[in-house]
Asker: 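The structure that follows is given in the form of structure tokens.
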Amino acid sequence: MMVETTILSVPVFSTLCNEAFRLRRAVFVHEQKVPEAEEFDAGDFTAHHLVAVTAGEVSGTLRLIYAEEHVKIGRVAVAGSWRGRGIAAAMIGRAMELHRDARDNRFYLTAQADKLPLYQRFGFVAYGEEFLDGGMPHLAMKNY
């Protein structure tokens, strides 16, 4: 059975954004062992936050930061119980739709090495050398 997911743009420290932060902490800090000091940073104060809501609960989140040359997508997280249902793809598609005019449809991200196919579906191409972020291999990707 397909469950509808709604993708919302939410203000920082709103109730839904705080739930998204809780989800990020669960996924990145507890599950993937990213140090909490690396997971949450000053970028959260100025970022645009998207939250996926499925069956009445926060199922996913990501943030976007406007850099000079592109919009950076980051902190993409989906709750374990909702993985494999297209929520990350729905959030990325919505984020690119909402923010494509900000930097002339130029998006950038750093992806966990095992997640490259997800981003390639949206036109992202990996470049440069693999590097560790939060103790996990990552690659830089851009769609331009």
Side-chain angles (χ1 to χ4, degrees), residues 1-103 105-126 130-144:
M1 183 172 99
M2 190 68 161
V3 180
E4 184 177 333
T5 296
T6 302
I7 312 293
L8 302 168
S9 184
V10 300
V12 69
F13 299 123
S14 62
T15 300
L16 280 175
C17 193
N18 286 338
E19 288 299 313
F21 289 165
R22 188 180 336 268
L23 173 61
R24 281 175 42 191
R25 185 173 286 108
V27 170
F28 295 120
V29 177
H30 298 297
E31 182 182 328
Q32 298 183 352
K33 308 299 183 211
V34 174
E36 189 157 359
E38 290 180 31
E39 172 54 26
F40 296 97
D41 60 27
D44 284 319
F45 294 112
T46 57
H48 299 266
H49 297 274
L50 294 187
V51 173
V53 179
T54 310
E57 68 181 79
V58 172
S59 55
T61 187
L62 62 73
R63 76 178 188 184
L64 300 106
I65 295 175
Y66 288 11
E68 187 174 326
E69 64 279 5
H70 52 238
V71 177
K72 181 180 181 192
I73 298 173
R75 306 304 201 269
V76 179
V78 175
S81 60
W82 292 109
R83 290 185 192 144
R85 300 179 192 221
I87 292 170
M91 289 189 304
I92 293 161
R94 184 73 176 135
M96 293 177 78
E97 176 186 316
L98 289 172
H99 297 272
R100 72 170 38 109
D101 293 336
R103 298 294 181 267
N105 200 35
R106 295 162 60 101
F107 291 90
Y108 165 88
L109 54 86
T110 60
Q112 292 178 9
D114 64 338
K115 305 293 189 289
L116 297 185
L118 167 65
Y119 301 109
Q120 288 168 337
R121 293 184 354 212
F122 292 92
F124 286 90
V125 175
E130 190 173 274
F131 61 94
L132 291 180
D133 188 9
M136 293 169 284
H138 280 67
L139 282 159
M141 301 184 83
K142 60 184 178 181
N143 73 336
Y144 60 94

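One is the number of the first residue; the rest follow in order along the sequence. These numbers come from a predicted model, not from an experiment.
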Asker: Do the ring planes of F45 and F13 sit parallel (below 30°), tilted (30 to 60°) or perpendicular (above 60°)?
Answerer: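 Aromatic pair F45/F13 classed tilted.
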
Asker: Could you pull out all residues at least two apart from T61 that satisfy side-chain hydrogen bond (donor to acceptor under 3.5 Å, both in side chains)?
Answerer: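 In terms of side-chain hydrogen bond (donor to acceptor under 3.5 Å, both in side chains), with neighbours along the sequence ignored, T61 is linked to no residue.
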
Asker: In Å and rounded to the nearest 0.5 Å, what is the CZ to NE2 distance from F131 to H138?
Answerer: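 Here the rounded value is 6.0 Å.
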
Asker: Search all heavy atoms of S59 against all heavy atoms of I87 and return the closest pair with its distance.
Answerer: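 S59 and I87 have their closest heavy atoms at OG-CD1, 3.6 Å.
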
Asker: To the nearest 0.5 angstrom, please state how far the CZ atom of R75 sits from the CZ atom of F28.
Answerer: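 Between R75 CZ and F28 CZ, I get 7.5 Å after rounding to 0.5 Å.
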
Asker: What do the steps show when you test D44 against H49 for side-chain contact (heavy atoms from CB on, under 4.5 Å), and what is the final call?
Answerer: CA-CA 8 Å; D44 284 319; H49 297 274; 3.5 Å; yes

Asker: As a quick check of understanding, evaluate side-chain contact (heavy atoms from CB on, under 4.5 Å) for V27 and V78, giving each step before the final call.
Answerer: CA-CA 8 Å; V27 170; V78 175; over 6 Å; no

Asker: Could you check whether any side-chain heavy atom of V12 comes within less than 4.5 Å of a side-chain heavy atom of F21, counting everything from C-beta outward?
Answerer: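 They are in contact (side-chain heavy atoms under 4.5 Å apart), so the answer is yes.
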
Asker: Distance from E68 atom CD to R106 atom CZ, nearest 0.5 Å?
Answerer: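 Between E68 CD and R106 CZ, I get 10.5 Å after rounding to 0.5 Å.
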
Asker: Between I92 and Y119, is the side-chain contact (heavy atoms from CB on, under 4.5 Å) condition met? List the steps.
Answerer: CA-CA 8 Å; I92 293 161; Y119 301 109; 3.3 Å; yes

Asker: Please evaluate residues N143 and M96 with respect to the criterion side-chain contact (heavy atoms from CB on, under 4.5 Å), reporting the C-alpha separation (whole Å), side-chain torsions for both, the decisive distance (0.1 Å), and the verdict.
Answerer: CA-CA 11 Å; N143 73 336; M96 293 177 78; 3.6 Å; yes

Asker: Between E39 and R25, is there a salt bridge with N-O shorter than 4.0 Å?
Answerer: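 Result for this pair is no, no salt bridge flagged.
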
Asker: Looking only at heavy atoms, what is the nearest atom pair of L64 and A95, with distance?
Answerer: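 Heavy atoms only, the tightest pair is CD2-CB, 3.8 Å.
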
Asker: If you take the centroid of each ring, where Trp contributes its six-membered ring, are Y144 and F107 closer together than 6.0 Å?
Answerer: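 Ring centres of Y144 and F107 not closer than 6.0 Å.
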
Asker: How long is the gap from OG on S14 to CD on E19, to the nearest 0.5 Å?
Answerer: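 Separation between the atoms: 10.0 Å.
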
Asker: If the test is side-chain contact (heavy atoms from CB on, under 4.5 Å), which one of L50, L109, I65 qualifies with I73?
Answerer: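 The single option meeting the side-chain contact (heavy atoms from CB on, under 4.5 Å) with I73 is L109.
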
Asker: Of all heavy-atom pairs between T5 and A52, which one has the smallest distance, and what is that distance?
Answerer: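 So the two residues come closest at CG2-CB, 3.8 Å.
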
Asker: Between S81 and E57, what is the shortest heavy-atom contact and its length?
Answerer: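 Closest approach of S81 to E57, heavy atoms only: OG-OE2, 4.2 Å.
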
Asker: Can you name the closest pair of heavy atoms from A113 and E130 and give their distance?
Answerer: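 That would be CB-OE1, 3.8 Å.
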
Asker: Compare all side-chain heavy atoms of M136 with those of K33 and state whether any distance is below 4.5 angstrom.
Answerer: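 When only atoms from C-beta onward are counted, K33 and M136 do not touch, as no gap falls below 4.5 Å.
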
Asker: How far apart are the closest heavy atoms of A88 and V76, and which atoms are they?
Answerer: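 Looking at all heavy atoms of both residues, the closest pair is CB-CG1, 4.3 Å.
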
Asker: Which value, rounded to the nearest 0.5 Å, describes the distance between R24 atom CZ and Q32 atom CD?
Answerer: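 One finds 12.5 Å between CZ of R24 and CD of Q32.
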
